Amino acid sequence: MKPVLRKTLMTLLILIVVLPLAVLVAAQFGALRGTPPTDLGVRDGRLKPPSNTPNSVTSQAALYPGHPQAQRAAIAPLRYSGDGKAAMRKIAGILRGMERTELITDQPGYLYAQCTTRLMRFTDDIEFWLDETAGVIHVRSASRLGRKDFGVNRARVEAIRARLTAG
């Protein structure tokens, strides 16, 4: 085999097999978790704006009309009937029962959890705020890393909505 061909084949082997395997192993050790945000929570009746990339959803997107992702990130707030605090307790229970989800903050009127993907261990942050005046629970869910989430954050919020309204 010619040396140039051998070198090309070795380069291809590294690119096709070794590099993806190295990324997968690094992911298992938390290399793709990202850094937890320090600016979550409710400030002046608002959750954090949507991400600048198309990997988040928020029920408060309309509060940020000039934001580049406001329209794409929009999702309806969670509706509840009866006691809002009871609805928040139910959401906390739903979060505790979800695979690869850790409830980090459970305060009256505010919940924050971290959700980790199965294979690559990417972490998404999800928060809920009880707005009793409006009679809704606002939600924001966002990926820490990357540009796209392939609809995972939206699907997660909709699954929580379905369980909340299921009774």
Side-chain angles (χ1 to χ4, degrees), residues 23-24 26-43 45-64 67-132 134-167:
V23 170
L24 184 59
Q28 299 310 302
F29 287 100
L32 301 177
R33 284 186 57 85
T35 304
T38 58
D39 57 348
L40 296 179
V42 182
R43 289 174 183 76
R46 294 180 177 205
L47 297 171
K48 184 176 174 176
S51 300
N52 287 326
T53 54
N55 60 2
S56 69
V57 294
T58 177
S59 61
Q60 294 186 318
L63 297 177
Y64 304 98
H67 192 283
Q69 295 299 324
Q71 200 169 20
R72 173 179 273 146
I75 194 166
L78 305 178
R79 304 237 176 252
Y80 61 89
S81 59
D83 182 20
K85 290 176 181 62
M88 289 293 281
R89 286 192 299 275
K90 186 170 182 181
I91 293 171
I94 292 168
L95 293 169
R96 284 188 185 97
M98 291 172 59
E99 290 183 356
R100 298 176 315 279
T101 299
E102 181 181 359
L103 184 57
I104 305 297
T105 304
D106 183 352
Q107 298 173 344
Y110 179 79
L111 301 169
Y112 163 59
Q114 296 174 355
C115 307
T116 305
T117 63
R118 184 183 316 267
L119 182 62
M120 297 302 285
R121 307 276 194 238
F122 288 108
T123 300
D124 298 340
D125 299 289
I126 187 167
E127 54 184 340
F128 300 87
W129 172 56
L130 174 61
D131 182 353
E132 288 183 293
V136 298
I137 298 169
H138 286 290
V139 60
R140 180 185 184 276
S141 185
S143 303
R144 289 183 187 169
L145 299 177
R147 288 195 45 79
K148 295 187 178 185
D149 70 343
F150 303 100
V152 170
N153 284 293
R154 185 173 300 278
R156 180 183 301 115
V157 170
E158 293 303 342
I160 292 168
R161 181 191 316 278
R163 290 186 62 192
L164 178 65
T165 58

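Everything numeric in this text was worked out from a predicted model, so none of it was measured.
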Closest approach of [X] to [Y] (non-hydrogen atoms, all atoms of both residues):
| X | Y | value |
| --- | --- | --- |
| A142 | S51 | CB-OG, 3.7 Å |
| N55 | G146 | ND2-O, 2.9 Å |
| A87 | Y80 | CB-CB, 3.6 Å |
| Y64 | L47 | OH-O, 2.8 Å |
| R46 | L63 | NH1-O, 3.4 Å |
| V139 | A76 | CG1-O, 4.4 Å |

Which residues pass the side-chain hydrogen bond (donor to acceptor under 3.5 Å, both in side chains) test with [X], not counting sequence neighbours?
| X | value |
| --- | --- |
| Q60 | none |
| E102 | none |
| T101 | none |
| R156 | D124, S141, N153 |

May I ask you to test the [X]-[Y] pair for a side-chain heavy-atom distance under 4.5 Å?
| X | Y | answer |
| --- | --- | --- |
| N52 | H67 | yes |
| I94 | M98 | yes |
| F150 | S143 | no |
| M88 | I137 | yes |

For this session: Flag yes if more than 12 heavy atoms outside E99 fall under 6.0 Å of its CD atom; otherwise flag no.
Result: no
For this session: With sequence neighbours excluded, give me every salt bridge (Lys or Arg N to Asp or Glu O under 4.0 Å) pair touching residues 141-154.
Result: D125-R144
For this session: For residues 47-58, pull every pair meeting salt bridge (Lys or Arg N to Asp or Glu O under 4.0 Å), keeping only residues two or more places apart or in separate chains.
Result: D39-K48
Exercise. Counting N and O atoms only, with roles assigned by atom type, does the side chain of S59 sit under 3.5 Å from a partner on the main chain of I75, one being a donor and the other an acceptor?
Worked result: no
Exercise. R100 side chain to T116 main-chain N or O, any donor-acceptor pair under 3.5 Å?
Worked result: yes
For this session: Could you tell me which residues satisfy salt bridge (charged side-chain N to carboxylate O under 4.0 Å, His left out) with R96, sequence neighbours excluded, listed by chain and number?
Result: D106
Would you please name every residue forming a side-chain contact (heavy atoms from CB on, under 4.5 Å) with [X], sequence neighbours left out?
| X | value |
| --- | --- |
| A134 | D131, V136 |
| D83 | K85, A86, R89 |
| A73 | P50, S56, T58 |
| Q71 | none |

Problem set entry | Qualifying residue, where the test is side-chain contact (heavy atoms from CB on, under 4.5 Å) with I126 and the options are L111, I104, I160, L40 | I160
For this session: Could you walk me through whether H138 and F128 pass the side chain to side chain contact (heavy atoms under 4.5 Å, CB included) test, one step at a time?
Result: CA-CA 6 Å; H138 286 290; F128 300 87; over 6 Å; no
